[in-house]
Amino acid sequence: MPRHLATALLGCSALIATAPAFAQDATVKVTDKTFDTGASQFAYTEYELSGEPLAEGLGLNLDVLDPDQADKPDAFDFAAGIDSYEYSEEAMYAVNYQSKMGPHLANGPVNAKAGGTLQDLGKRVIHLADSVGFAPDELPQNFYPITFPVAHAMPEFGQKVDVSAVSSEKLDILTHTGDEKSIDAVTPAYFRDYGTLGWKASGMDDTFTPVAVGGEMLKDVMWAQDFLGGMHVQSSDAEVDDISSSDMDHDGKHKLGVSAADGVNGMLLTEISWDRLLMLRNRFGYDGESLGARISPDYDATKDPVWFPAKVAVDFTQKNGVKALGDLKVEDGASTLRASWMMLWPLAELYGYTDQRTANENQNKAFLAVFDGDPFPAAPEANRATKRSGYERADDPFSLVETLSNVVFQNMKTLHYDKKDGTLVDRWPDGEQGKTVTAFDAAYSLVALDIYHRAIDALPVGYASASSGKPLDTEQGKEALDLLKNEADFIVDKLVGDDGLVADSYTVGKGASDSHSLGTQFAAIRGLAAAFVATDDTKYRKAARGIYEAVNKTMVDAGSGLYNPTPGKPFTVTPWTAGAVSGGLRALLQTLYNQEDENAAGLDRAALAQHYTTWFHTVGRGMQLAEWLADTGEHYVKGGNGDVNRNGIKELTAAGGEYGTAPVMAGKVTVEPAATD
């Protein structure tokens, strides 16, 4: 199912100085292999945005990279254009189609309405494939689509992986160590048949968390928008430059999706998202007493709050020979800020993607075509008004996401916002607000609120989330922007210290903490950059630049140029940190870099791009547990060591574990600089 591009991206040697492919004097050791779903899929979303979209935004040539020609034309090009982007995509497939770490789509509420059997799901998949002109028999065999993943899993395979040869070809490659090699690349059976790629069941924690579900939902909707953001000519598979109308796919010549292969993935990801939305609304709403609390368009958080609890134990049963959702038990009933922004961000992206309000003049015609009744149901007429007072409860994707995003946003501003101190707090347990503010979550709340504000006001989201348009100026949009401004002001006024660094936390009534982690700094940079773009208030840009100047001054190893919160000493990196660094660096390269007469140290694009390369090729690669084939230059060679392209990341079956390891990132690594005299 993954795309296989002959070439990928960019030549940016004019943008940056030559950067090292990795920090020679630093080592990265995996200290926890566990896959943390929410954290990792959050990080992979930032990786995605820091891949092709970043490259395109910099005006770079998108046709010069070849995954088999490592670090050409230079290391930054390859890091952004190949590795960052493709690792993000492959991890999504590993979780959604291969892992088996959740209930099968056949047993979800959408398929239940169609009959509830595997055969019914098969018919639906054939229909989705036809809508994009993709031959169903070209889909991988035994793919296992899940509605939502559990919170944690050990990403090792639970059975011997089928590596029998399907085909082979001779390739000439250039490795990351600069060696030219001729190899006999084999296409193993697992590349076309996912039946042996399920993760071992004993490593799954069977726990639902809104953080994990939100992280996966974010990954899925970002890629669905990418894949279905255009139409193509059926006969040639060429993307259409200009879509004349939203029913152009009905003319017998055009199909949905930017291509047939991308389109079918977009359809499957959208089907999964629709099923997830129904399951969230019907089974996971919590009122403090029981799950399944009714969620309606007229929800009012000030009267009878309903939220998604922080942790729910899931009992999986078997139906149709695959996993089904059984009994649920709340283990942590609190509403958390991390869960809130991790749900609001993807729900806002889904809002923009599925939006059918008649007043929205900015909607992509290709998206309208996806939700015009076929292949996905359209919203009822009542739910297409700008004012939501007359909205009705319905099961189509837009109606579901409109209702759920309203719930999460209302909960943020009602349950989590401390009006006296002007900040969002971490927890709302037992009907009372907590006292702790985690800076990371406060900062990423700005990102989520920015996207929500844009979606509600009919401004582009997804890859185009910095683009302009004619806003609807809705009341909800104004409320989201007000909350964003208040939280951004709190971060600038209360969390940024005299040294320019951001405190990791704040306790209401006591003040800021003394700790300053690397992830917090880059999260704040990312969040304040979003606040600047949303408001055009230069104080947020100035504050974000100041934070980076402090990081550049105090959190960089002299020898390697690698970010380090304790220069010269070992430090820990989780996917939360990896995602924040990726997102923060992208904000710096796109929005915060030196312009015109600005000359702040380290904020020119060349220096930022070099830091991007050093960080990604050291820590990013060090966290990646395995590589899928072809798209990042890895290949299966019989008798080889599993690392044909010599980037330190091995092919699935050579990456550790009894039978191999999935192409996802580790839950924790330790980065250790070389000893200095």
Side-chain angles (χ1 to χ4, degrees), residues 3 41-58 62 84-85 88-89 92 214-231 239 243 246 256-259 262-263 265-270 272-274 276-277 341-357 360-371 376 397-398 401-402 405 444 446-472 477 480 526 529-530 533-534 579 582-583 586-587 590-591:
R3 295 180 302 159
Q41 299 300 58
F42 152 77
Y44 278 130
T45 297
E46 293 288 32
Y47 280 21
E48 175 187 355
L49 293 169
S50 295
E52 280 191 17
L54 173 62
E56 289 180 326
L58 294 173
L62 303 183
S84 184
Y85 199 65
S88 170
E89 186 177 6
M92 175 176 65
E216 187 62 41
M217 185 159 56
L218 180 60
K219 256 342 267 94
D220 295 352
V221 66
M222 294 303 290
W223 282 100
Q225 290 177 88
D226 182 17
F227 294 152
L228 295 174
M231 295 186 193
E239 185 176 359
I243 300 174
S246 61
L256 299 174
V258 296
S259 69
D262 282 352
N265 276 306
M267 287 296 165
L268 291 170
L269 295 173
T270 303
I272 287 170
S273 297
W274 182 24
R276 185 180 295 134
L277 292 168
W341 71 258
M342 279 287 287
M343 291 292 286
L344 185 63
W345 185 0
L347 287 169
E349 295 283 1
L350 278 162
Y351 194 114
Y353 173 42
T354 63
D355 191 1
Q356 295 154 61
R357 292 172 298 171
N360 183 353
E361 298 178 2
N362 303 318
Q363 181 61 303
N364 185 329
K365 293 184 180 66
F367 292 163
L368 287 173
V370 173
F371 301 100
F376 291 95
F398 176 66
V401 77
E402 199 288 329
S405 62
Y444 264 97
L446 302 180
V447 176
L449 288 166
D450 174 39
I451 300 299
Y452 182 67
H453 154 253
R454 295 185 65 84
I456 290 293
D457 276 358
L459 295 172
V461 295
Y463 289 0
S465 61
S467 302
S468 60
K470 182 180 178 181
L472 295 185
R526 171 80 161 96
V533 172
S582 178
R586 184 177 69 258
Q590 290 177 329
T591 305

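Fair warning: this is a prediction, and the values are worked out from it, not measured in the lab.
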*Under the side chain to side chain contact (heavy atoms under 4.5 Å, CB included) criterion, do L256 and M267 qualify, and how do the steps go?*
CA-CA 9 Å; L256 299 174; M267 287 296 165; 3.5 Å; yes
Distance col, row N364:CG vs L228:CG, nearest 0.5 angstrom, shows 9.5 Å
Exercise for review: Could you walk me through whether F367 and T354 pass the side chain to side chain contact (heavy atoms under 4.5 Å, CB included) test, one step at a time?
Suggested key: CA-CA 7 Å; F367 292 163; T354 63; over 6 Å; no
Under 3.5 Å: donor-acceptor pair, side chain of R586, backbone of L54:
no
E46 and Y444 have their tightest heavy-atom pair at OE2-OH, 2.6 Å
(request) Flag the pair L269 / M92 as yes when at least one side-chain heavy-atom distance between them is below 4.5 Å, and no otherwise. (result) yes
Does E48 reach the main-chain N or O of A43 with its side chain, forming a donor-acceptor pair under 3.5 Å? no
* Asked: Can you tell me if D457 uses its side chain to pair, donor with acceptor, with the backbone of L459 under 3.5 Å?
  -> no
*asked:* Quick check: W341 with F42 (ring centres under 6.0 Å apart)?
replied: yes
To the nearest 0.5 Å, atom CD1 of I451 lies from atom CG of L347 at 12.5 Å
With heavy-atom distances below 4.5 Å as the criterion, would you say the side chains of N265 and W223 are in contact?
no
Separation between CD (E89) and CZ (F227), nearest 0.5 Å, reads 4.5 Å
The reported gap from CZ in R526 to CG in L49 (rounded to nearest 0.5 angstrom) is 6.5 Å
### Under 3.5 Å donor-acceptor, S84 side chain and Y47 backbone
yes
message: When you compare the side chain of F398 with that of F371, does any pair of heavy atoms fall below 4.5 Å?
response: no
Minimal heavy-atom distance between L368 and D355, with the atoms involved, is CD2-O, 3.7 Å
Is it true that the side chains of S582 and S50 contain a donor and an acceptor less than 3.5 Å apart? yes
Report task. Output yes when a side-chain donor or acceptor of S88 lies under 3.5 Å from a complementary backbone atom of Y44, and no otherwise. Result -> yes
**Study point:** Test item: R454 side-chain N/O and S465 main-chain N/O as donor-acceptor pair under 3.5 Å
**Key:** yes
Review point. Do we see a donor-acceptor contact under 3.5 Å between the side chains of S273 and Y353?
Key: no
**Message:** Quick one: does any side-chain atom of N362 pair with a main-chain N or O of A458 as donor and acceptor, under 3.5 Å?
**Reply:** yes
Taking E216 first and then R276, would you say they form a salt bridge - that is, a charged N and a carboxylate O separated by under 4.0 Å? no
What one should report as the nearest heavy-atom pair of G352 and V461 is CA-CG2, 3.9 Å
Residues I456 and G477: closest non-hydrogen pair is CG2-N, 3.6 Å
When every non-hydrogen atom of A480 is compared with those of Y452, the smallest separation belongs to CB-CD2, 3.8 Å
Nearest heavy-atom contact between L277 and M217 is CD2-SD, 4.2 Å
Review point. Does some side-chain heavy atom of R357 sit less than 4.5 Å from a side-chain heavy atom of L472?
Key: yes
4.5 Å side-chain heavy-atom contact, Q41 and L218: no
